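Given the structure is predicted, the values throughout are model-derived calculations rather than measurements.
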Amino acid sequence: MVRRIAAGAVFVVVAAAGATVALAASASAAPAESQRIDGWIRHALLVMQHHKIPGSYDGIYRNLMRESSGDVFAINTWDSNAKAGIPSKGLMQVIEPTFRTYHVEGTAWDIYNPVANITAACNYAAHRYGSIDNVNSAY
């Protein structure tokens with residue numbers, strides 16, 4: 001749920017396991033795209049914390065920028081996955097089978113949904129590498 005509480009401010013409430021977590025974010029001089037990416041990562045971190053999926057803001061940001069440069073609708077059309085008919089998609093460049101396998105409960109089933117894409121990728125990285133923080137190249 002997102003509710004505007006003042007000009008330039010947003011109040012976000014995330015309900016998880018009976019607890020409600022509130023984040024207040026105010027507008028800053030950062031570009032709108034940077035603010036959106038920041039919000040998606042912070043929301044994903046809340047979901048990950050609830051599901052005990054390890055990862056840090058810096059680890060997510062580093063991988064997100066390397067994989068998609070922040071483009072929610074990025075699609076890789078050239079690698080081996082794409083040539084096999086299952087291109088990597090979204091912010092963290094996840095293929096559909098991986099997204100379905102590592103989807104995190106409480107997030108959308110849309111691979112292009114920023115929070116769902118981030119959390120599924122981080123869940124996969126946690127199972128394969130211990131954490132998204134340990135991923136420093138294509139994964």
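- Dense packing is recorded around CD of Glu96, with more than 12 heavy atoms of other residues, nucleotides or ligands lying under 6.0 Å away.
- Not a single donor-acceptor pair under 3.5 Å links the side chain of Ser131 to the backbone N or O of Asn134.
- For the pair Asn117 (side chain) and Lys89 (backbone), a donor-acceptor distance under 3.5 Å is present.
- The hydrophobic cluster containing Trp78, built from Ile/Leu/Val/Met/Phe/Trp/Tyr side-chain heavy atoms closer than 4.5 Å, comprises no other residue.
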Task: Step-by-step side chain to side chain contact (heavy atoms under 4.5 Å, CB included) determination, Arg62 to Asn136 - done: CA-CA 8 Å; Arg62 179 183 71 247; Asn136 294 300; 3.2 Å; yes
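- Asp38 is linked by a side chain to side chain donor-acceptor pair (under 3.5 Å) to Arg42, Tyr57, counting only residues two or more places apart in sequence or in another chain.
- In this structure, the side chain of His127 engages the main chain of Asn123 through a donor-acceptor pair within 3.5 Å.
- Ring geometry for Tyr112 against Phe73 counts as tilted: the plane angle lies between 30° and 60°, on a 0 to 90° scale.
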Task: Criterion side chain to side chain contact (heavy atoms under 4.5 Å, CB included) on Trp109 and His103, from CA distance to verdict - done: CA-CA 7 Å; Trp109 279 97; His103 174 263; 3.2 Å; yes
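- In the hydrophobic clustering of ILVMFWY residues, with side-chain heavy atoms under 4.5 Å counting as a link, Ile75 and Ile111 come out together.
- Counting only heavy atoms from C-beta outward, the side chains of Val47 and Glu105 never approach each other to under 4.5 Å.
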- [ ] Tell me, with the steps shown, if His43 and Ile118 meet side chain to side chain contact (heavy atoms under 4.5 Å, CB included).
- [x] CA-CA 10 Å; His43 186 163; Ile118 293 168; over 6 Å; no
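- In this structure, OG on Ser88 lies 8.5 Å from OH on Tyr139, to the nearest 0.5 angstrom.
- The CG atom of Asn63 lies 12.0 Å from the CG atom of Leu91; values are rounded to the nearest 0.5 Å.
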Open item on the list: Could you go through Tyr124 and Met92, starting from their C-alpha distance and side-chain angles, then the distance that decides it, and tell me whether this counts as side chain to side chain contact (heavy atoms under 4.5 Å, CB included)?
Closed with: CA-CA 11 Å; Tyr124 166 74; Met92 301 289 278; over 6 Å; no
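- Gly90 and Ser68 make their closest contact through O-CB, 3.6 Å (heavy atoms, listed as atom of the first residue, atom of the second, distance).
- Applying the side chain to side chain donor-acceptor pair (under 3.5 Å) rule to His51 yields no partners; only residues at least two apart in sequence or on another chain are considered.
- In this structure, Arg66 places its CZ atom where more than 12 heavy-atom neighbours from other residues, nucleotides or ligands lie under 6.0 Å away.
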